[in-house]
Amino acid sequence: SYLPVLADFFSQTCGPCHMMHPILERLAVRRAGQVAVVRIDVELHPELAREFRVQGVPTFVVVHKGAERGRTVGATDESSFALWAASLT
């Protein structure tokens, strides 16, 4: 069975992206074996940003079994982000 993937679309020059990075790292540790977390730099991988219709960063997209399950855009607090991710994975 495939794990859900939580994709973090970010930019090196994005302040809110840097704020979310440690939150994402902690979530990846807590949910290890339940969700795969990947970080995608939109400047290095513009084709993926286009494919996933990323309009702004940070954008977080949950994909499971080939289908998008949900997305959220922008920085948020850790508990809200964890609840959002748990509801989709």
So which atom in [X] and which in [Y] form the shortest heavy-atom distance, rounded to 0.1 Å?
{"X": "Ser11", "Y": "His18", "result": "O-NE2, 4.4 Å"}
{"X": "Val42", "Y": "Ala49", "result": "CG1-CB, 3.9 Å"}
{"X": "Leu88", "Y": "Arg69", "result": "CD2-O, 3.4 Å"}
{"X": "Ala75", "Y": "Met19", "result": "CB-CE, 3.3 Å"}
{"X": "Pro58", "Y": "Cys17", "result": "N-SG, 3.6 Å"}
{"X": "Val73", "Y": "Gly56", "result": "CG1-O, 4.3 Å"}

**Study point:** Matching residue for Val62 among Thr72, Val35, Leu6 - test: side chain to side chain contact (heavy atoms under 4.5 Å, CB included)
**Key:** Leu6
Point to revise | salt bridge (Lys or Arg N to Asp or Glu O under 4.0 Å) evaluation trace for Arg53 with Glu68 | key: CA-CA 12 Å; Arg53 302 171 321 280; Glu68 183 175 320; 3.7 Å; yes
Revision key, fill the gap. CZ (Phe10) and CD1 (Ile40) are apart, to the nearest 0.5 Å, by 9.0 Å
Revision key, fill the gap. Separation between CD (Glu78) and CZ (Arg26), nearest 0.5 Å, reads 4.0 Å
Exercise for review: Give a yes/no verdict on a cation-pi contact between Arg71 and Phe60, requiring under 6.0 Å between NZ or CZ and the six-membered ring centre and an angle within 45° of the axis.
Suggested key: no
Check your understanding: Hey, do the aromatic rings of Phe9 and Phe52 have their centres closer than 6.0 Å?
Key -> yes
Is it possible for you to say whether [X] and [Y] belong to one hydrophobic cluster, with membership spreading through side-chain heavy-atom contacts below 4.5 Å?
{"X": "Val61", "Y": "Leu3", "answer": "no"}
{"X": "Val57", "Y": "Val37", "answer": "no"}
{"X": "Val38", "Y": "Val63", "answer": "yes"}

Exercise for review: Would you please test Gln12 and Asp41 for side chain to side chain contact (heavy atoms under 4.5 Å, CB included) and show each step?
Suggested key: CA-CA 7 Å; Gln12 293 292 340; Asp41 185 327; 3.4 Å; yes
Point to revise | Donor-acceptor contact below 3.5 Å, side chain Ser87 vs main chain Trp84 | key: yes
